[in-house]
Amino acid sequence: MTEGREIIEDYSHVGLTLRRQPLALLREDLSALKRVPCRAADTAWDGQYVQTAGLVLVRQMPGAAKGVMFMTIEDETGVANLVIWKTLYEKQRPIALGAHLIGVDGRIQREGEVVHLVAYKLHDLRDVLSGLESRANDPGDMAWAKCSRNFC
């Protein structure tokens, strides 16, 4: 059984894996798309332009936020917290609500230890995510990839 297959099996049965994070197997593909690891957001300076990607963990759109969406994404290096302003959300709503592997172009907003990536453009990277299936030889159940917590 390939490593990709083992990861897919872990997620489909238990909802997590103790093996490598799934995007570790897709890092070459993401790098070819000029997507840096999420960890780069933590080390970037305020105002720096960053292009990253990650599996969506959480989407939130609190009523008090006046149409702003907050999203947390994860890759093999950690998490990135995204801020998606109302105008971008309205333009790219299907991607903001539906993408499981999302690419984001944006600028870092740093206030002390708190770091956000303010999104300028979103990309649905479902084609890259399907690469995990091909690395597994037998795609099996990829329903785990569609699991995110949506509070919208």
Side-chain angles (χ1 to χ4, degrees), residues 1-61 69-85 87-110 115-152:
M1 187 180 306
T2 66
E3 184 178 16
R5 172 84 255 145
E6 290 173 345
I7 291 171
I8 289 171
E9 289 295 322
D10 287 350
Y11 271 97
S12 65
H13 288 89
V14 188
L16 59 90
T17 186
L18 298 178
R19 302 172 204 287
R20 290 197 294 172
Q21 204 269 356
L23 295 190
L25 296 177
L26 302 174
R27 178 51 51 199
E28 272 186 37
D29 299 344
L30 294 169
S31 294
L33 294 172
K34 308 287 190 246
R35 303 283 159 193
V36 298
C38 287
R39 178 181 45 211
D42 281 339
T43 59
W45 62 86
D46 188 47
Q48 182 176 349
Y49 181 77
V50 173
Q51 292 179 298
T52 191
L55 292 170
V56 177
L57 295 180
V58 178
R59 293 177 176 94
Q60 302 179 68
M61 194 176 235
M69 175 183 270
F70 301 99
M71 186 183 297
T72 302
I73 62 173
E74 173 190 49
D75 71 4
E76 74 278 15
T77 66
V79 299
N81 296 307
L82 311 181
V83 176
I84 302 167
W85 294 111
T87 53
L88 179 62
Y89 172 77
E90 289 170 350
K91 284 183 202 171
Q92 297 198 272
R93 181 182 176 137
I95 295 173
L97 291 177
H100 306 296
L101 175 58
I102 197 164
V104 60
D105 305 346
R107 293 216 180 268
I108 295 296
Q109 182 180 58
R110 180 180 289 280
V115 179
H116 290 99
L117 179 56
V118 179
Y120 293 154
K121 186 165 186 183
L122 304 174
H123 307 270
D124 186 347
L125 300 178
R126 76 179 71 213
D127 293 340
V128 177
L129 187 57
S130 68
L132 185 61
E133 295 181 54
S134 65
R135 285 171 177 76
N137 293 335
D138 170 23
D141 182 11
M142 289 291 287
W144 64 268
K146 298 177 174 90
C147 294
S148 64
R149 294 190 175 138
N150 298 321
F151 302 101
C152 304

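Residue numbers count from 1 along this sequence.
- The minimum heavy-atom distance linking Leu129 with Leu55 is given by the pair CD1-CD2, 4.1 Å.
- By the 4.5 Å heavy-atom criterion applied to side chains, Pro37 and Asp75 are counted as neighbours.
- Counting only distance, with no hydrogens or angles, the side chain of Thr77 and the backbone of Arg39 share a donor-acceptor pair below 3.5 Å.
- The shortest side-chain heavy-atom distance between Leu117 and Gln109 does not fall under the 4.5 Å cut-off.
- Contact detail for Ile95 and Arg59: the closest heavy-atom pair is O-NH2, 4.3 Å.
- Looking at Ile84 and Val118, their side chains never come closer than 4.5 Å, going by heavy atoms from C-beta outward.
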Next on the checklist: Using side-chain contact (heavy atoms from CB on, under 4.5 Å), reason through Leu125 and Leu33 one step at a time and then give a plain yes or no.
Outcome noted: CA-CA 10 Å; Leu125 300 178; Leu33 294 172; 4.2 Å; yes
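- At least one side-chain heavy atom of Leu97 sits less than 4.5 Å from a side-chain heavy atom of Met69.
- Separation of atoms CZ (Arg107) and CH2 (Trp45) is listed at 10.0 Å; rounding is to 0.5 Å.
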Checklist entry - Passes side-chain contact (heavy atoms from CB on, under 4.5 Å), Gln51 versus Val104? Steps please. => result CA-CA 6 Å; Gln51 292 179 298; Val104 60; over 6 Å; no
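- Side-chain atoms of Val115 and Ile108, non-hydrogen and from C-beta on, do get closer than 4.5 Å to each other.
- One distance of note links CG of Leu18 with CD of Glu6; it measures 12.0 Å at 0.5 Å rounding.
- How far CG of Leu57 is from CD of Glu74: 4.5 Å, rounded to the nearest 0.5 Å.
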Item to check | side-chain contact (heavy atoms from CB on, under 4.5 Å) between Lys121 and Gln92, intermediate numbers included | outcome: CA-CA 8 Å; Lys121 186 165 186 183; Gln92 297 198 272; 4.0 Å; yes
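- A donor-acceptor contact under 3.5 angstrom links the side chains of His123 and Asp105, judged on distance only.
- Minimum interatomic distance between Cys38 and Ala53 (heavy atoms only, all atoms of both residues): SG-O, 3.6 Å.
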Checklist entry - Val79 and Ile73: side-chain contact (heavy atoms from CB on, under 4.5 Å), yes or no, with the steps? => result CA-CA 5 Å; Val79 299; Ile73 62 173; over 6 Å; no
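- Nearest heavy-atom pair, Gln21 versus Glu76, reported as atom, atom and distance to 0.1 Å: OE1-N, 3.4 Å.
- Considering every non-hydrogen atom in both Tyr120 and Leu88, the closest pair reads O-CD1, 3.5 Å.
- Put simply, the side chain of Arg110 gets close to the backbone of Ala44: a donor and an acceptor are under 3.5 Å apart.
- At a threshold of 4.5 Å between non-hydrogen side-chain atoms, the residues Leu23 and Leu101 count as touching.
- The shortest side-chain heavy-atom distance between Phe70 and Leu82 does not fall under the 4.5 Å cut-off.
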